[in-house]
Amino acid sequence: MKPFKGRDLITIRDFSVEEVGAILDKAAEIKKNPGSYKKALDGRTLAMIFEKPSLRTRVTFETGMTQLHGHAIYISPSDAGLGRRESVADVARNLERWVDGIMARVFAHKTVEDLAAHARVPVINGLSDDFHPVQALSDMLTIREAAGGWKGFKLAYVGDGNNVTHSLLFAAARTGLAVSVATPAGYEPRADIVAWAVEAGRATGCVVDVSNDIARAVKGAHFIYTDVWASMGQESEAEKRKKIFAPFQVNEKVMKMAGTDPWFLHCLPAHRGDEVTDEVADSSRSLIFDQAENRLHLQKAVMVLLMGD
Ligand code: CP
Ligand code: NVA
């Protein structure tokens, strides 16, 4: 295991099985004993760059820094002006002179990679068009809390093969959770990411399946996960996607098809009535607000490991 201090978190793939386990164990420990970490980032500052909107990511990173006795600065899409007002490299070279870490939510994944390449302080990916690592890591915490572990359990992801799907595939490969993805034809997760997960998953016993068949994906699943049909930046495709994705709605019928009384997961925000019904989102099997809460604990762990002493 390489030391965490000073590293970036751009994708889960960059962390070994042991390192992912250590991040998740640290998150569980911080959740249980928050008082022991009250001064963990005393006097430290996190710059939070947003090219896209956010509720959970902004509030959990900012609250996390406050709880660790540090400080967070919100940089709005217009203030960041990444690549427009100033080059990404120059933004990174300014920020590193003032702050102890950078969290960025961006469109092009290359933007967060470029920030990391040009800043000597840790850079954390708070969502890019291709990945959402802190979401998937938080979800692994939620899954372990509900099921008691990852190995021997199956997650079915139903809907768009997007940034969240990609990070769930990486996280599953590192934890041993089995993943079955069902998407409409043409909306599958990226083939190179699936291939990586299949290969890396051999070490942990993670089995990956990708198809266009909901019944096949959810059969025997312990968790059913979905996300919006049109992600941030795809608003112009929303109407077209609504028609294509309609058969992929997670409703009571789909939940029953699992035959296992599965838990329901969603990274949020949810478009209720589209990818999920109220009935499922508000059911006793829904863990959506536990997932949202765990963003806080997981990201505190990430910041303590990357930015702490
Ligand atoms: N799940 C998530 O990242 O939520 P926000 O877009 O509100 O940050
Ligand atoms: N796939 C969604 C996730 C939001 C947290 C998006 O990128 O908009």
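Note that ligands are numbered from 1 as they come in the structure, with each ligand's atoms numbered from 1 the same way.
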Novice: Pick, from D129, V164, T165, L268, the option with the minimum heavy-atom distance to atom 5 (C) of ligand 2.
Specialist: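 When every heavy atom of D129, V164, T165, L268 is considered, L268 comes closest to atom 5 (C) of ligand 2.
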Novice: How far is atom 2 (C) of ligand 1 from its nearest protein heavy atom, and which residue and atom name does that atom have?
Specialist: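 Nearest protein contact, heavy atoms only, for atom 2 (C) of ligand 1 is R295 NH1, 3.3 Å.
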Novice: Would you check the N or O atoms of S231, main chain and side chain alike, for any that come under 3.5 Å of an N or O of ligand 2?
Specialist: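 By distance alone, the answer is yes.
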Novice: Looking only at protein heavy atoms, which one is nearest to atom 7 (O) of ligand 2, and what is the separation?
Specialist: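 In this structure, atom 7 (O) of ligand 2 has N163 ND2, 2.9 Å as its nearest protein heavy atom.
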Novice: Could you tell me whether N162 and ligand 2 have an N or O pair separated by under 3.5 Å?
Specialist: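 Yes; at least one N/O pair falls below 3.5 Å.
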Novice: Starting from atom 7 (O) of ligand 1, find the nearest protein heavy-atom neighbour and note its residue, name and distance.
Specialist: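 Of every protein heavy atom, L55 N, 2.7 Å lies nearest to atom 7 (O) of ligand 1.
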Novice: Please indicate whether any nitrogen or oxygen in C267 is less than 3.5 Å from any nitrogen or oxygen in ligand 1.
Specialist: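 Yes, since at least one N or O of C267 sits under 3.5 Å from an N or O of ligand 1.
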Novice: If you have a sec, work out which protein heavy atom is nearest atom 8 (O) of ligand 2 and how many Å separate them, to one decimal?
Specialist: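 In this structure, atom 8 (O) of ligand 2 has M232 N, 2.8 Å as its nearest protein heavy atom.
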Novice: Below 4.0 Å from ligand 1: does a non-hydrogen atom of R105 turn up there or not?
Specialist: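 Heavy atoms of R105 do come under 4.0 Å of ligand 1.
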Novice: Determine whether any heavy atom of L268 lies closer than 4.0 Å to an atom of ligand 1.
Specialist: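 For ligand 1, residue contact (heavy atoms, under 4.0 Å) with L268 is present.
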Novice: What protein heavy atom sits nearest atom 3 (C) of ligand 2, and how far away is it?
Specialist: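 Heavy-atom neighbour on the protein nearest atom 3 (C) of ligand 2: D227 OD2, 3.6 Å.
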Novice: Do you know which of R56, Q291, E293, R295 makes side-chain contact (heavy atoms from CB on, under 4.5 Å) with S138?
Specialist: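 Of the listed options, the one satisfying the test is R295.
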Novice: As an exercise, identify every atom of ligand 2 less than 4.0 angstrom from a heavy atom of L127.
Specialist: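 What qualifies from ligand 2 is 3 (C), 4 (C), 5 (C), 7 (O).
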Novice: Show me which atoms of ligand 1 lie under 4.0 Å from any heavy atom of H132.
Specialist: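 So the answer, numbered in order with elements, is 2 (C), 3 (O).
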Novice: Is there at least one pair of N or O atoms, one from K52 and one from ligand 2, spaced under 3.5 Å apart?
Specialist: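 No; the residue has no nitrogen or oxygen that sits under 3.5 Å from a nitrogen or oxygen of the ligand.
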Novice: For a side chain to side chain contact (heavy atoms under 4.5 Å, CB included) check, start with the C-alpha distance between K154 and L177, then their side-chain angles and the critical distance, and finish with the verdict.
Specialist: CA-CA 6 Å; K154 172 179 167 179; L177 179 72; over 6 Å; no
Novice: For A119, does its backbone N or O pair with a side-chain atom of R93 as donor and acceptor, under 3.5 Å?
Specialist: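 It does not hold such a pair.
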Novice: Contact between ligand 1 and K52 is defined here as a heavy atom of the residue under 4.0 Å from a ligand atom; is it met?
Specialist: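 False for this residue.
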Novice: Is atom NZ of K219 surrounded by more than 12 heavy atoms (other residues, nucleotides or ligands) closer than 6.0 Å?
Specialist: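 No, because the 6.0 Å sphere around NZ of K219 holds 12 heavy atoms or fewer from other groups.
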Novice: Given the rule in the salt bridge (charged side-chain N to carboxylate O under 4.0 Å, His left out) test, do E145 and K31 qualify, once you have shown the distances and angles that lead to the verdict?
Specialist: CA-CA 12 Å; E145 286 171 355; K31 183 172 183 176; 2.8 Å; yes
Novice: Please report the interatomic distance CD1(I143) to CZ(F153), rounded to the nearest 0.5 Å.
Specialist: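 These two atoms lie 10.5 Å from each other.
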Novice: When you measure from atom 4 (O) of ligand 1 to every protein heavy atom, which one gives the shortest distance, and what is it?
Specialist: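 That would be R56 NE, 2.8 Å.
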Novice: Atom OH of Y225 and atom NE2 of H266: how far apart are they, to the nearest 0.5 Å?
Specialist: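 Between Y225 OH and H266 NE2, I get 8.0 Å after rounding to 0.5 Å.
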Novice: For the residue pair T204 and A173, what are the closest heavy atoms and their distance?
Specialist: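 Closest approach of T204 to A173, heavy atoms only: OG1-O, 2.6 Å.
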Novice: Within a 6.0 Å radius of atom NZ on K5, are there more than 12 heavy atoms belonging to other residues, nucleotides or ligands?
Specialist: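 More than 12 within 6.0 Å, yes.
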Novice: Would T57 count as a polar contact of ligand 1, with the cut-off being nitrogen or oxygen pairs under 3.5 Å?
Specialist: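 Yes: some nitrogen or oxygen of T57 is under 3.5 Å from one in ligand 1.
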Novice: Would you sort out whether M232 and L127 count as a side chain to side chain contact (heavy atoms under 4.5 Å, CB included), showing the intermediate values?
Specialist: CA-CA 10 Å; M232 293 180 276; L127 180 147; 4.0 Å; yes
Novice: Record the part of T57 in heavy-atom contact with ligand 2 below 4.0 Å; permitted values are side chain, backbone, both and neither.
Specialist: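 Within the 4.0 Å criterion, T57 makes no contact with ligand 2.
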Novice: Working note: D274 + R241, criterion salt bridge (charged side-chain N to carboxylate O under 4.0 Å, His left out); need CA distance, chi angles, decisive distance, verdict.
Specialist: CA-CA 10 Å; D274 285 349; R241 283 172 173 254; over 6 Å; no
